[in-house]
Amino acid sequence: MRMMQIIRQCRFCNFLWRCLTRIARVKNLINRIHLLLYSITFFVLLPIMCFNMKNSLYFVKHNEMGMQQFLREKNSERINEAQHYFEMLDRTKLNPMLQSFNDNQKAGSLRIAITIITVSRNRHKIDSYEPMYLTQVVWKFLSLLQGIKAEGFLHQVTFGICNVDHDPGTYDEATNISHIVPVFQRFNKVHFSMVHTLEKEKQDYVFCLNRSLENNPDYVLLVEDDALPTADFFHVLDYTLNMHLNRRSVRGELVPQFEDIAFVKFYHPENLLSFWNLERERIPELIALTVLLGTVLTGVFVFVVKDKKSNMSAITGSLFIYSFLVVAIIGRPNFTNLRSVLSPYLHTFTPAPSCCTPALLFPSRGALEVISYLDKITCSNNFGKDSGLDSLLSERKLRAYLVQPNTFTHIGLYSSLRDKIVDPFIV
């Protein structure tokens, strides 16, 4: 194996050397610079930078078992951090803090119910590892709530857990968490479901959404127990509520929002967010990034070379092609994620594509529509609750939106639905 790697490296070095030799023979300085730029970028820099960068065209899926082990180690680190947090947690201060969110009566505040839907993950026969996703998600939400409390978060928040496990008495993780956060259960004793797995999942979802509406919130955020919120989640949520849901911008003015919105997604798998998926904002983004990078490179080239005899149209065309290839290879998700690094207020609000429900925000009216519709349909093979939501949108002429980049991280290596380990390269 080692010998094969050395042979490949030697072949690559020989190929690179031949390219550089041919570039050196090119007499025109401008052409030589362009050839050198293309060769170094696409044969050296980008392969080195992107071979381990998910969603780039140079990303290499290698050693699946090693990736699984890496994700378990990261998961264990989060578990240790969460357990340390709960050990140090002053519960005499936690309950008043959560209650103060519930009692928030500031002008313009909205009532938001945050519910984590959970099922035990420790009944699989894959291995003996305990992923403890619920513990991690509760820890993350509580730590974020404490942070925004100090910042004077405007809205009222209630926080709870919906346990839909078929045997709640043996779901020890949820039992332990119930001493910290309110937990409500679908079943009070062992329940053997006779319906399809996807139908039970849909029924669980409807139950949790229904219970979350009991205190008449304006919005319900229903989060699956393997969706970990990012550090800027509440800032993005506040911005989304103010600029897109409670109000919207029309010709630069904020006006009340009257659109029939069923739900807003705060997570979508990154491998489905590429430039090449058929969503209307993708190709314009590719063009915009290409134009931006191409314009910058052309400006730099003109400033550095200062050759008035150069064919500027050919140079500009070459640099724009170069920019297009760079943007396409790095991949849309990696560019989109830069928004969250720069500011939570740069997140976009676009029509939601199909698939996946790790973190959905429902306006109360939209939640009632979803409950009413899902209650009337039956899920089975190749038709889960997310397919049911797609049908709802088309039949009842409702809208759904996606906030990008993601404000949740999917950490569910162990699938509760399929009772197996999922592809570690798409987690």
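For T409, the side chain to side chain donor-acceptor pair (under 3.5 Å) criterion is met by no residue, not counting sequence neighbours. Every residue meeting the side chain to side chain donor-acceptor pair (under 3.5 Å) condition with N337, not counting sequence neighbours, appears here in chain and number order: E270. With sequence neighbours excluded, the residues satisfying side chain to side chain contact (heavy atoms under 4.5 Å, CB included) with F70 are M67, K74. Under the side chain to side chain donor-acceptor pair (under 3.5 Å) criterion, R111 pairs with no residue at all, not counting sequence neighbours. The salt bridge (Lys or Arg N to Asp or Glu O under 4.0 Å) search around E201 returns K385, not counting sequence neighbours. Contacts of E279 classified as salt bridge (Lys or Arg N to Asp or Glu O under 4.0 Å), with partners at least two apart in sequence or in another chain: none. When the salt bridge (Lys or Arg N to Asp or Glu O under 4.0 Å) test is applied to R72, the partners found at least two apart in sequence or on another chain are D127. For D238, the side chain to side chain donor-acceptor pair (under 3.5 Å) partners at least two apart in sequence or on another chain are H155, N242. Among residues two or more places apart in sequence or in another chain, the salt bridge (Lys or Arg N to Asp or Glu O under 4.0 Å) test is passed with E64 by none.
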- Message: Quick one, I112 with D218, criterion side-chain contact (heavy atoms from CB on, under 4.5 Å). Give me CA distance, side-chain angles, the key distance, then yes/no.
- Response: CA-CA 6 Å; I112 306 168; D218 297 303; over 6 Å; no
- Between C162 and F207, does a side-chain contact (heavy atoms from CB on, under 4.5 Å) hold up when you go through it step by step? CA-CA 9 Å; C162 181; F207 170 81; 3.7 Å; yes
- Check the pair Q136, D226 against side-chain contact (heavy atoms from CB on, under 4.5 Å), reporting the backbone distance first and the verdict last. CA-CA 8 Å; Q136 298 175 57; D226 58 356; over 6 Å; no
- Task: For the pair Y85 and Q146, evaluate side-chain contact (heavy atoms from CB on, under 4.5 Å) and give the outcome as yes or no after the intermediate values.
- Result: CA-CA 12 Å; Y85 171 85; Q146 285 181 312; 2.8 Å; yes
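Residues in residues 34-47 take part in no salt bridge (Lys or Arg N to Asp or Glu O under 4.0 Å) pair, two or more places apart or across chains. Sorted by first and then second residue, the salt bridge (Lys or Arg N to Asp or Glu O under 4.0 Å) pairs with a member in residues 318-347 read E281-R332, E285-R332; sequence neighbours excluded.
Residues F324 and L286 meet the side-chain proximity criterion, which asks for heavy atoms closer than 4.5 Å. The closest side-chain heavy-atom distance from T240 to H347 is not below 4.5 Å. Using a 4.5 Å heavy-atom cutoff, the side chains of F42 and I329 are in contact. A heavy-atom distance below 4.5 Å is not found between the side chains of L222 and F263. Within the 4.5 Å cutoff, no side-chain heavy atoms of N406 are placed close to those of T230. Two residues are said to be in side-chain contact when any heavy atoms from C-beta on lie closer than 4.5 Å; I114 and T158 fail this criterion. Annotation: side chain of I330 is not in contact with side chain of Y58 (no heavy-atom distance under 4.5 Å).
Y205 contributes no side-chain N or O that, together with a main-chain N or O of I117, makes up a donor-acceptor pair within less than 3.5 Å. Although no hydrogens or angles enter the test, the distance criterion places no donor-acceptor pair under 3.5 Å between the side chain of K202 and the main chain of T197.
S391 OG to R396 CZ: the interatomic distance, rounded to the nearest 0.5 Å, is 11.0 Å. Note that the CG atom of N382 and the OG atom of S387 stand 8.0 Å from one another [nearest 0.5 Å]. A distance of 9.0 Å separates CG of L338 from CG of L289, quoted to the nearest 0.5 Å.
Using a 30° and 60° split on the angle between ring planes, Y414 and Y129 fall in the parallel class, below 30°.
Aromatic ring centres of Y38 and Y322 lie closer together than 6.0 Å.
For the pairing with F234, the ring-ring contact (aromatic ring centres under 6.0 Å, His included) check across F153, F159, Y239, F266 returns one residue only, F153.
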Under 3.5 Å, which donor-acceptor pairs do the side chains of residues 348-356 form with other protein atoms, sequence neighbours left out?
unit_1	atom_1	unit_2	atom_2	d
T350	OG1	Q404	NE2	3.0
S354	OG	D390	OD2	3.2

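Between K397 and D260 there is no salt bridge, since none of the side-chain N atoms of the basic residue sits less than 4.0 Å from a carboxylate O of the acidic one.
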